[in-house]
Amino acid sequence: MLIYIFCYLASLFFAYLAQRSRNKGTIILLSVISIMIPCILGGLRARTIGTDTRGYAYPNALKALHVQNFWNYFDSLPDKEPGYKLLCWVIMKIFGHPNYTLFSYQLITVSCIYIGAYRFRKIAYVPFTMLIFYLVYYQQSYNTMRQIIAASIVFAGLRDVIDRRYLRFMLYLIIAATFHYSALVCAVSAAFMHYALDSEFLAKHSTLKSAIALSIIGSVIFFKPLASFAFSYLPFMSEKYSIFLDITAEENARKYMIGIFSGPIIMFCLYARGARRLYTHALNANRNSSVSRIADGGGGHEFFRSNAVLCLMFYIFIRVPLFMRMIMYSEYINILVLASLPRMVREKHLRVMIMMIITILLLVLWYKKYVMLIPGAGVPGCETVPYKSIL
């Protein structure tokens with residue numbers, strides 16, 4: 001357990017030094033050190049640490065080592081995405097050991113999260129953004145590897161969505177989809193949400209904007225009752241899909257996630273002016289002067305606020321296994337929302353207090369989720385604690 005804490009603290013220390021530095025070369029060096037620490041930790045883990053590590057990462061890597069022809073290897077894994085298979089094949093042919101592939105997966109994940117955090121450094125402290133990722137999602141990357149790689153790539157490109165560079169963001173989506181196809185559906189929906197909130201047309205037609213918002217809220221609230229009703233009257237679907245609506249195993253993990261997503265909503269209500277100031281000024285700074293800006297910062301302030309509301313509503317009203325993977329991209333966007341909360345207030349002592357409260361709450365969640373293993377939050381026998389390495 002303590003090895004994770006030590007590695008997190010060491011990584012955050014170098015991220016902190018990098019943020020304080022003004023020399024470009026020093027920033028790059030310190031950032032690389034910060035990224036490498038958790039990557040080495042993940043690369044040296046035993047094959048029993050993490051669900052996907054034992055489930056397919058090790059077996060796929062060993063297969064890549066023994067299959068000589070890439071296309072034969074490619075065809076032997078029909079349920080895996082091409083980017084993942086190509087990376088696994090190349091790493092194994094160069095280095096010849098499965099743990100190098102585990103290191104490469106962590107390298108992509110942590111690097112993309114760090115890049116995304118750095119690109120949003122004007123609204124959230126980079127070390128604080130990384131702290132939230134480490135406590136909530138880092139060890140999950142041992143259990144849901146391919147999709148977390150995809151989510152991290154999308155996170156790295158999120159700044160292009162805010163800056164309305166949608167075509168450039170599509171490149172991130174395509175790369176992410178080569179590791180998990182869900183990126184095409186979920187991340188595109190996030191980009192569309194930003195486009196709608198940033199639209200001058202909707203800004204001028206507040207009634208239509210409210211109607212769209214209410215329809216989305218209604219679809220989330222009534223999804224589970226409507227799905228249960230449909231399954232009960234469609235026998236041919238009932239046996240096959242009704243299991244996806246069972247949330248019994250998720251109840252204990254659910255209440256902690258609700259607590260995480262409630263905080264940003266409260267802050268958006270209490271410090272509405274500070275939130276609007278933060279997102280509008282910081283996020284509009286890079287916009288081209290020829291691009292008209294929405295006065296209320298709809299593309300920033302409303303986008304992040306709406307995403308936080310979506311995550312909270314999901315954990316309250318839906319939270320079914322079928323859609324667990326679908327909300328992951330929105331959860332990663334919410335990392336920035338959590339990290340930006342201290343900057344919504346001007347008083348320094350309040351900023352420190354907010355950071356301490358968030359850190360304590362996330363430490364409790366981390367302990368409950370990964371050390372005590374909340375029912376529904378992991379697979380028994382594939383826990384990440386206690387950590388075991390190949391050394």
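No hydrogens, no waters, no symmetry mates; every other heavy atom, side chains included, goes into these values.
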Do you see a donor-acceptor pair shorter than 3.5 Å between the side chains of Tyr137 and Glu331? yes
Does the gap between the ring centers of Tyr8 and Tyr138 come in under 6.0 Å? yes
Distance-only side-chain donor-acceptor flag, Ser31 / Tyr114, under 3.5 Å: yes
Greater than 12 external heavy atoms within 6.0 Å of Lys388's NZ: no
Does the structure place the NZ or CZ of Arg146 under 6.0 Å from the centre of the six-membered ring of Tyr56, at an angle of no more than 45° from the ring's axis? yes
Step through the shown structure and confirm whether more than 12 heavy atoms of other residues, nucleotides or ligands are within 6.0 Å of CZ on Arg121. yes
Do Arg45 and Ser389 pair up side chain to side chain, a donor and an acceptor below 3.5 Å, judged on atom types alone? no
List, by chain and number, the other hydrophobic cluster members for Leu65, where Ile, Leu, Val, Met, Phe, Trp and Tyr join if side-chain heavy atoms come within less than 4.5 Å, directly or indirectly. Met92
Under 3.5 Å side-chain donor-acceptor pair for Tyr329 and Ser182: yes
Between Phe155 and Tyr172, is a ring-ring contact (aromatic ring centres under 6.0 Å, His included) present by the stated rule, with each step listed? CA-CA 9 Å; Phe155 184 83; Tyr172 287 93; over 10 Å; no
Do Tyr279 and Phe303 have ring centres separated by under 6.0 Å? no
Using a distance-only test with no angle check, is there a side-chain donor-acceptor pair under 3.5 angstrom linking Tyr134 and Ser11? yes
